[in-house]
Undergrad: 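Pasting a structure below so you can have a look.
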Amino acid sequence: MGSSWLLAVLLLYAISKAATFSVGGRAGVGLGIGNVGGGGGVGGGVWIGGGINSPGPSGSVSSVPKIKRAYAALQAWKSAIKDDPQGILNSWVGSDVCAYKGVFCADLQDEMGASLGPVVAGIDLNHANLQGTLVKELAFLTEMTLLHLNSNRFSGTIPDTFGDLSSLGELDLSNNQFSGPFPAVTLYIPNLVYLDIRFNKFSGPLPEDLFSRKLDAIFVNNNQFEGELPQNLGNSPASVINLANNKFSGNIPASFGFMGSRLKEILFLNNQLTGCIPEGVGLFTEMQVFDVSFNSLMGHLPDTISCLQGIEVLNLGHNELSGVVPDLVCSLSSLVNLTVSYNFFSGFGQDCSNRFFKNLGFDFSLNCIPGRNMQRPQPECSMIPGGGLNCLRIPTAVKPLVCGSIGATPQSDSSSSSP
């Protein structure tokens, strides 16, 4: 039994003997999951937790009032924090946890609107520069809806007890020093919709379950993950997925082209991906950012890219793509930035030329386009990578591409992707 767990038990015993318990006037802050995209989540109104009788992480303390369990949890965590250069934890003294800096309380209410007392509904210690570890006693905070620890120096792993955080909707552990394999316990937090573990030292493969949960935002970029992306990537209901700056290899899973229409942004940049851009990319008519730069993708662009009517940033740079950049891509009405530099494209049409002359964010440098400046030297263009690569393509020579129909099962083209 760890020392922090023993401390928590002793604290619970001590406060259970107290005759009175005051939380002051800070309860009643409304905290919800509403602001899923950017953290914070603080707003007005009444927050309703998981119920006064919901089980806690330990049956031995389930009968202890929630605010007292919160005191035990926070004091156990405080003991595991070794450096606090900003003195934030100086306020973490006494049983009034609602007065602790970075801790937000709410008034828990029953179905009839009667007060059940205050609970810890959120912790926001972003940019606190704290050094230490997380402790399993944090699982006592079963009414906490958000935990934001961006830009600290926490290390170690995520306690397995985090699966008991039944109300947690936002978990931001980014820009710390966590390590080990992907923290699988985060996938068993039942109401989690926002997961941010970027800029840490996690390694190994991503689990398939990451893309079968109801997460709306997945940030795993800037770690040391490796291996092939799970084939069920397309099962994810997320609107934002960032996989950038890892060591993923292999192809972009074919299922990617059949994800839900809610996907707004996906970033594959700076990995070791190979193969083709899936034809199904055109299904994402509401996608705003698609970045596959700094990989080793080959072949021609799928015709369906011209169906990305909502695309604003399309970055295909630093790959080994070839063929012609279609005019239909350059004419996309929402497109702000189109980057195809450092590839092997052999040309583009008039609409692309117009983008260049109007300075509309079109970078085509270091390709193999005759008559254009800043292109590759001719010897590099004599051997186009992936010339024999077969990519699934929807034939459009006979029948023009109709974007609304590309969800139908495409006819396979067994010929080479080269024209």
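Below, each value reflects all heavy atoms present in this structure, side chains not excepted, and no hydrogens, waters or symmetry copies. Owing to the predicted nature of the structure, the values given are computational and were not obtained by experimental measurement.
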Undergrad: Anything under 30° is parallel, anything over 60° is perpendicular, the rest tilted; go ahead and classify Phe225 against Phe182.
TA: tilted
Undergrad: Would you call Leu147 and Leu168 a side-chain contact if the rule is heavy atoms closer than 4.5 Å?
TA: yes
Undergrad: Rounded to the nearest 0.5 Å, what's the gap from CZ on Phe202 to CD on Gln224? Could you check?
TA: 11.0 Å
Undergrad: When you compare the side chains of Ser212 and Asn235, does any donor N or O come within less than 3.5 Å of an acceptor on the partner?
TA: no
Undergrad: Would you say OH of Tyr342 has more than 12 non-hydrogen atoms from neighbouring residues, nucleotides or ligands within 6.0 angstrom?
TA: no
Undergrad: Test side-chain hydrogen bond (donor to acceptor under 3.5 Å, both in side chains) on Asn126 and Asn150 and set out the steps.
TA: CA-CA 5 Å; Asn126 285 349; Asn150 173 286; 5.3 Å; no
Undergrad: Looking at CG of Leu314 and CG of Leu332, how far apart are the two atoms once the value is rounded to the nearest 0.5 Å?
TA: 8.0 Å
Undergrad: Give, for atom CG of Asn242 and atom CG of Asp291, the distance between the pair rounded to the nearest 0.5 Å.
TA: 9.0 Å
Undergrad: Using 0.5 Å steps for rounding, measure from the CZ atom of Phe154 to the CG atom of Leu149.
TA: 5.5 Å
Undergrad: Do the non-hydrogen side-chain atoms of Leu192 and Arg213 ever get within less than 4.5 Å of each other?
TA: no
Undergrad: For Asn152 and Leu130, which heavy atoms make the closest approach, and how far apart are they?
TA: OD1-N, 2.8 Å
Undergrad: Phe348 vs Phe362 aromatic rings, parallel, tilted or perpendicular, using cut-offs 30° and 60°?
TA: perpendicular
Undergrad: I want to check something: taking the side chain as every heavy atom from C-beta on, are Leu321 and Leu297 in contact at a cut-off of under 4.5 Å?
TA: yes
Undergrad: Can Asp84 and Lys78 be counted as an ion pair, charged N to O under 4.0 angstrom?
TA: no
Undergrad: Any salt bridge between Lys136 and Asp160, counting N to O under 4.0 Å?
TA: no
Undergrad: I want to check something: taking the side chain as every heavy atom from C-beta on, are Asp196 and Leu171 in contact at a cut-off of under 4.5 Å?
TA: no
Undergrad: Set out, in order, the CA-CA distance, both residues' side-chain angles and the distance that settles side-chain hydrogen bond (donor to acceptor under 3.5 Å, both in side chains) for Arg153 and Asn176, then state yes or no.
TA: CA-CA 5 Å; Arg153 290 174 289 152; Asn176 279 281; over 6 Å; no
Undergrad: Go through the steps for Asn245 and Asn270 under the test side-chain hydrogen bond (donor to acceptor under 3.5 Å, both in side chains), then give the verdict.
TA: CA-CA 5 Å; Asn245 301 311; Asn270 198 23; 2.8 Å; yes
Undergrad: Please assess Tyr71 against Asp96 for the test side-chain hydrogen bond (donor to acceptor under 3.5 Å, both in side chains), listing each intermediate value before the final yes or no.
TA: CA-CA 8 Å; Tyr71 171 64; Asp96 184 2; over 6 Å; no
Undergrad: How about Asn175 and Ser151: does a side-chain donor come under 3.5 Å of a side-chain acceptor?
TA: yes
Undergrad: With a 4.5 Å cut-off on side-chain heavy atoms, are Pro385 and Phe344 touching?
TA: yes
Undergrad: What's the separation between atom OG in Ser236 and atom NZ in Lys214, rounded to the nearest 0.5 Å?
TA: 13.5 Å
Undergrad: How long is the span from the CZ atom in Phe211 to the CD atom in Gln231, to the nearest 0.5 Å?
TA: 11.0 Å
Undergrad: Can you tell if the side chain of Ile277 reaches within under 4.5 Å of the side chain of Phe290, non-hydrogen atoms only?
TA: yes
Undergrad: Do Leu229 and Leu273 touch side chain to side chain, with heavy atoms closer than 4.5 Å?
TA: yes
Undergrad: Taking atom types as modelled, is there a side-chain donor on Asn343 or Asn367 under 3.5 Å from an acceptor on the other?
TA: no
Undergrad: Heavy atoms, side chains only, cut-off 4.5 Å: are Arg262 and Pro237 in contact?
TA: yes
